[in-house]
Amino acid sequence: PTQRNDNVAEPIQGFTVVRLHYSADEAKDADWAEKIKADLPTEDWLREYELVATGRDKEHPVYSDWKRDLHERSLRYDSRHPVVFRGWDFGKVHPACVWVQVSGAEINILHELLGTEVQLEPFAMEVIAKSHMWFPGVSRFIDWVDPHGRAEKDDGRPSIRVLKECGIIVKHRDIEKEAGILNVGKQLIRMVPGGRPALCADPKECPIICDAMRGGYKRNKNGKVIADGYYEHLADALRYVIYGITKAIGGGPDKHLQRALAYQYQPGNKVTGY
């Protein structure tokens, strides 16, 4: 430990700093390290086990494992697939929506929409219009929202009721923010089945989300997620819909997700194959 004296750090008498690496324990071999590392974001591993002072003296990304050249790629809506998921955040006059499609082990972030100085109802109508334009022929949209949408807003109506009156029936669950962030960061950003990450985004159609994942969505030096009024809304919307996709609902997997994962394209014409 040190104390400040005329802006100079000096040792405190009677204390000694000891830096002890995990490798000093013979039981903590390479296999142990790989197992622990797989369960932690890179930044947490470096800080907690490699004694690297990262992310504590300055702002730092929430999703430090997101890489532009790995997680961002051109993605297309697969019209053969029956379900598209939407995630919503009800930021005051800055509502946000993100569109996600599941294809086997792949979860693709295809579009985003962030409102600016707009109320929820006109924003919802814009989401409906863009959904029909971007996803012609989709059989169903599954909507996951901020559970705080149950509370009344300025006009006296809960956000969830506003969406219901627009014809959008939603799902929501109370989940601790850090648990949701860990779900996105550990389970999907770092998981690479079949040569690509489980979670990818289209940078052309989702520029704000990609900026957020690259580091715009941050923690302060104390580790708390920064409420910046911009990146946080789409990041939260993504967190809600990812929870809906990956977690059990009502004692078992969502039947619509089961249907999406099990979907197999049947060609309409045996000769052409289309």
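In this text the structure is predicted, and so the values were computed from the model without any measurement.
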One should read off an interatomic distance between Ile181 CD1 and Glu176 CD, to the nearest 0.5 angstrom, of 8.0 Å
Between the CD1 atom in Ile226 and the OH atom in Tyr217, the distance rounded to the nearest 0.5 Å is 10.0 Å
**Request:** Indicate whether any N or O donor in one side chain lies under 3.5 Å from an N or O acceptor in the other, for Ser103 and Asp78.
**Result:** no
Item to complete: Determine, for Lys221 against Glu59, whether the closest basic-nitrogen to carboxylate-oxygen distance falls under 4.0 angstrom.
Response: no
* Is there a side-chain contact between Val170 and Ile160, using heavy atoms and a 4.5 Å cut-off? -> yes
(request) For Gln101 and Ile109, indicate whether the former's side chain and the latter's backbone hold a donor-acceptor pair under 3.5 Å. (result) no
Requested in this report: Decide yes or no on side chain to side chain contact (heavy atoms under 4.5 Å, CB included) for Glu121 and Arg157, but give the supporting numbers first.
Outcome: CA-CA 11 Å; Glu121 189 166 2; Arg157 294 181 299 167; 3.1 Å; yes
**Prompt:** Does the distance from a Lys or Arg side-chain N to an Asp or Glu carboxylate O, for Arg219 and Glu178, drop under 4.0 Å?
**Reply:** yes
Practice item. Return yes if a side-chain donor-acceptor contact under 3.5 Å exists between Trp88 and Asp143, otherwise no. Key: yes
message: Measuring only between side-chain heavy atoms, which start at C-beta, is Lys171 closer than 4.5 Å to Ile142?
response: yes
Residue set satisfying salt bridge (charged side-chain N to carboxylate O under 4.0 Å, His left out) with Asp174, at least two apart, ordered chain then number -> Arg150
Across all chains, not counting sequence neighbours, the side chain to side chain contact (heavy atoms under 4.5 Å, CB included) partners of His71 are Trp66, Lys67, Ile189, Pro197
Hits for ring pair (Phe, Tyr, Trp, His ring centres under 6.0 Å) against Tyr230, two or more places apart or cross-chain, chain-then-number order -> none
